[in-house]
Amino acid sequence: MSDSNPSIADRIASIREELPPEVTLVAVSKTKPNTSIQDAMEADQLDFGENRVQELQEKEAALPKSIRWHQIGHLQTNKVKAIVPFVHLIHAVDSERLLVEIDRRAKNHGRTVDALLQVHIAQEDMKFGWQAPDLTRFIEGNALAGLEHVRIRGLMGMATFTPDHQQVAREFKELRLLYESLLDSNPSWDTLSMGMSGDWRIAIDEGSTMIRVGSSIFGGR
Ligand SMILES: *Cc1c(COP(=O)(O)O)cnc(C)c1O
């Protein structure tokens with residue numbers, strides 16, 4: 001791009017140019033003002049990601065209803081109720097307890113909520129998520145069968161924050177292989193959420209279908 005200071009809409013357009021058609025771009029607007037989200041909407045962006053429930057609620061109330069809100073960060077059980085009425089996709093489900101709570105609240109609300117199971121793929125231990133063997137056991141144990149108001153659409157993960165391209169690629173590949181191994185028993189899955197500002201190109205090469213990009217669009221936080 002020749003413009004030395006591209007607009008938010010320009011940045012979105014240039015990321016989209018690089019995306020295969022089946023990949024969804026979630027613009028991560030956490031900490032950014034509503035005006036920045038409106039700027040992004042100029043580029044027909046409708047998928048936005050937030051990681052704090054209160055901020056998500058405030059933005060949802062103030063902005064157009066056409067927006068598809070993604071809860072991308074760690075979600076506490078006691079916050080589920082607040083987002084269930086409107087959330088489009090919950091990315092970071094990391095326990096059975098959380099899943100059961102989403103199911104219960106969604107049922108009360110007369111809707112079915114889409115969600116992704118977060119897998120721990122990074123070497124850093126502060127990141128949340130299932131360990132792959134635990135997740136496989138959980139799913140093969142048919143634990144999802146009784147949950148009629150939460151619909152699992154696939155998996156989400158975050159790679160280690162490192163300049164080591166090969167390590168990041170390895171972690172994303174591990175997640176994709178896990179996703180594929182579980183597809184046999186979950187044929188309705190269609191979403192593999194992986195890739196952020198620093199690593200989305202690697203994630204796409206490794207089979208991502210959904211990237212979550214914040215600072216490359218909206219600037220640093
Ligand atoms: C903040 C955040 C992102 C976006 O991070 P950037 O590096 O700014 O693109 C993606 N996913 C999750 C879970 C996040 O919390």
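Both ligands and their constituent atoms are indexed starting at 1 by order of listing.
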Rounded to the nearest 0.5 Å, the CD atom of Glu96 sits from the CG atom of Asp134 at a distance of 12.0 Å

among protein heavy atoms, the one nearest atom 6 (P) of ligand 1 is Ser197 OG, 3.4 Å

| said: Can you tell whether the side chains of Lys59 and Glu50 come within less than 4.0 Å, N to carboxylate O? | reply: yes

Check: Between Leu182 and Leu116, is there a shared hydrophobic cluster once you connect ILVMFWY residues whose side-chain heavy atoms come closer than 4.5 Å?
Finding: no

So, 4.0 Å and heavy atoms of Arg221: is ligand 1 close enough to count as a contact?
yes

### Task
Look only at interatomic distance and state if Ser216 has a nitrogen or oxygen under 3.5 Å from any nitrogen or oxygen of ligand 1.
no

- Item | Under-4.0 Å salt bridge between Arg170 and Glu174 | no

*Ion pair check, Glu55 and Lys30, cut-off under 4.0 Å*: no

If you compare Arg212, Gln118, Met194 by their heavy atoms, the one closest to atom 11 (N) of ligand 1 turns out to be Arg212

Near Val213 (heavy-atom distance under 4.0 Å), the atoms of ligand 1 are 9 (O)

Ligand 1 and Gly214, any nitrogen or oxygen pair closer than 3.5 angstrom?
yes

The protein heavy atom nearest to atom 5 (O) of ligand 1 is Met196 CE, 3.5 Å

- Item | Presence of salt bridge, Arg97 and Glu101, under 4.0 angstrom | no

closest protein heavy atom to atom 15 (O) of ligand 1 is Lys30 NZ, 2.7 Å

Please say yes or no: joined through hydrophobic side-chain contacts below 4.5 Å, possibly via intermediate residues, are Phe128 and Ile152 part of one cluster?
no

When distances are taken from atom 12 (C) of ligand 1, the protein heavy atom at minimum range is Ile72 CD1, 3.5 Å

